[in-house]
Number of protein chains: 2
Amino acid sequence: MNAPNVPDIVISRLPVYLRALQFMEQQGIKTTSSVSLGEKVGISAAQIRKDLSQFGEFGKQGTGYDVNELIEQLQQILHVQKVRDVVLVGMGELGHAILRYGGFINRGFRICHCYDNDPAKIGKMIGEYKILDVADLGKTIRECNVKMAMLCTPAITAQTITDIMVESGIKAILNYAPVSLNVPKDVRVQYIDPVIGLQRMAYYLNKK
Amino acid sequence: MNAPNVPDIVISRLPVYLRALQFMEQQGIKTTSSVSLGEKVGISAAQIRKDLSQFGEFGKQGTGYDVNELIEQLQQILHVQKVRDVVLVGMGELGHAILRYGGFINRGFRICHCYDNDPAKIGKMIGEYKILDVADLGKTIRECNVKMAMLCTPAITAQTITDIMVESGIKAILNYAPVSLNVPKDVRVQYIDPVIGLQRMAYYLNKK
DNA sequence: TAGATTGTTAATCGATTAACAATC
DNA sequence: TAGATTGTTAATCGATTAACAATC
């Protein structure tokens with residue numbers, strides 16, 4: 001379960017495999033192969049087999065992979081079999097949308113608390129959530145022993161909030177603020193900035 | 001301006017440099033170096049110099065880089081000096097948040113039209129935007145000669161919409177739907193799925 | 001001048017791919 | 001059995017890093 005020193009680039013592909021497999025499962029597909037899965041996710045079959053081989057032997061020669069079994073294996077590898085608590089900081093437009101998004105729970109995540117620093121927002125209810133004062137962020141993170149956070153504040157305050165979260169024991173941050181964060185090396189950050197994706201693609205648009 | 005065959009991994013870092021430089025500019029910083037920029041974005045100084053060298057010589061020995069000049073160079077390289085039109089498909093919670101997000105325009109992008117397939121939504125105004133019928137998607141893409149799209153439909157309809165967009169001339173898709181898309185190789189896709197990021201980080205959480 | 005920092009080269013490091021024996 | 005597909009090896013390919021001459 002704890003394969004040693006798997007390259008992060010391999011880890012980064014596993015959730016993509018998992019997502020595709022769960023999509024297949026929904027459609028009633030019981031079995032797949034590295035070739036078929038590869039076509040769906042746009043990754044070579046050899047790559048998929050090599051990636052999976054880091055963790056064990058999940059397939060059967062001549063047949064391929066049992067969709068359900070591979071889903072469970074990947075969930076175990078990624079530690080997403082159980083639902084995990086995440087805090088959400090910054091209740092602007094985006095924070096609201098994230099809070100109302102229904103797609104986290106069935107993929108292993110649940111927002112446990114949400115925060116803002118605006119007195120006009122603190123105490124307000126959004127669905128079943130009450131917006132908490134960001135001044136209590138560190139305290140509540142420690143109390144609930146939360147390890148993951150989503151950060152949706154403006155860029156200018158993102159680092160300050162990050163420092164508080166790190167100091168309170170957060171080990172993984174999904175950062176929606178359009179700014180690079182400085183964290184110790186035992187803390188992970190994933191960036192979500194739509195503009196980065198758009199700019200990256202824009203490069204190719206005007207190319208001859 | 002059109003450096004030949006620059007690896008995509010290099011291109012993927014340029015928007016990150018640009019974002020950091022614009023943040024510096026805001027703070028009144030006039031000059032930087034590969035070391036200083038590298039610390040901010042978490043990338044080695046050698047890497048930054050190597051990346052930039054693909055496109056020209058933008059620095060000065062002993063001094064480093066002029067922030068404003070490097071911003072302009074990067075904007076030209078990425079083709080984001082001018083604002084570019086993007087269509088937005090799928091006006092659920094997320095589509096609404098994206099439409100109201102103010103952070104696109106000053107980084108090179110503008111939503112020109114938005115679409116949904118729900119008769120209850122079609123025709124409704126959101127700010128200055130009227131929600132259009134997705135049945136007219138292909139027609140309006142061609143009329144306006146739009147090349148980029150943001151896709152926020154449910155996973156199940158994402159591929160169908162993608163096919164229409166590709167057929168209508170879209171060359172770059174920012175995909176928020178949690179599913180891998182199949183596109184011809186002259187069309188680019190960037191994926192935004194927060195759960196992929198969370199799952200990727202979850203792997204490291206339970207590791208000893 | 002002395003210190004700082006670039007752009008570039010060569011060496012290292014790591015990731016991907018092709019091929020195939022094993023076997024269901 | 002014949003066909004299909006795995007897991008794995010070795011070869012290829014590409015990316016990163018360290019080092020340094022050039023020079024502001």
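If you're wondering where the values come from, they're calculated on a predicted model, not measured in any experiment.
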Rounded to whole Å, please give me the gap between [atom1] in [X] and [atom2] in [N].
{"X": "Gln54(A)", "N": "dT6(D)", "atom1": "CD", "atom2": "P", "answer": "17 Å"}
{"X": "Asp66(A)", "N": "dC24(C)", "atom1": "CG", "atom2": "P", "answer": "16 Å"}
{"X": "Asp51(A)", "N": "dT8(D)", "atom1": "CG", "atom2": "P", "answer": "13 Å"}
{"X": "Lys50(A)", "N": "dA15(C)", "atom1": "NZ", "atom2": "P", "answer": "9 Å"}
{"X": "Leu52(A)", "N": "dA15(C)", "atom1": "CG", "atom2": "C1'", "answer": "16 Å"}
{"X": "Ile48(A)", "N": "dT6(D)", "atom1": "CD1", "atom2": "C1'", "answer": "13 Å"}
{"X": "Lys60(B)", "N": "dC24(D)", "atom1": "NZ", "atom2": "P", "answer": "9 Å"}
{"X": "Asn5(B)", "N": "dC13(D)", "atom1": "CG", "atom2": "C1'", "answer": "15 Å"}

Contact under 4.0 Å: [X] side-chain N or O vs [N] OP1/OP2:
{"X": "Arg49(A)", "N": "dT9(D)", "result": "no"}
{"X": "Tyr65(A)", "N": "dG7(D)", "result": "yes"}
{"X": "Gln47(B)", "N": "dT16(D)", "result": "yes"}

Worksheet item: Under 30°, 30 to 60°, or over 60°: which ring-plane class applies to Tyr203(A) and His79(B), parallel, tilted or perpendicular?
Response: parallel
Check every atom of [options] against the side chain of [X] and return the nucleotide holding the closest atom.
{"X": "Ser34(B)", "options": "dT16(C), dT6(C), dC20(C)", "value": "dT6(C)"}
{"X": "Gln61(A)", "options": "dC24(C), dT17(C), dC24(D)", "value": "dC24(C)"}
{"X": "Arg13(A)", "options": "dT9(C), dG7(C), dT16(C)", "value": "dT16(C)"}
{"X": "Ser33(A)", "options": "dT5(D), dT8(C), dA15(D)", "value": "dT5(D)"}
{"X": "Ala46(B)", "options": "dT16(C), dA18(D), dT8(D)", "value": "dA18(D)"}

Discussion item. For the residue pair Glu72(A) / Asn68(A), report whether a side-chain donor-acceptor contact shorter than 3.5 Å exists.
Written reply: no
Worksheet item: With no hydrogens and no angle check, do the side chains of Tyr65(B) and Ser34(B) hold a donor and an acceptor under 3.5 Å apart?
Response: no
Fill in: Watson-Crick or G-U wobble partner of dA21(C), both distances under 3.5 Å
dT6(D)
Worksheet, complete the sentence: Residue pair Phe58(B)/Ile9(A) against DNA chain C: nearer the 5' end by closest nucleotide is Phe58(B)
Worksheet entry | First of Thr32(B) and Asp8(A) reached from the 5' end of DNA chain C, by closest nucleotide | Thr32(B)
Worksheet item: Between Ser44(B) and Gly64(A), who's closer to the 5' end of DNA chain D by nearest nucleotide?
Response: Gly64(A)
Fill in: Presence of salt bridge, Lys147(B) and Asp85(B), under 4.0 angstrom
no
Item to complete: Check for a donor-acceptor pair, side chain of His113(B) on one end and backbone N or O of Val87(B) on the other, with a separation under 3.5 Å.
Response: no
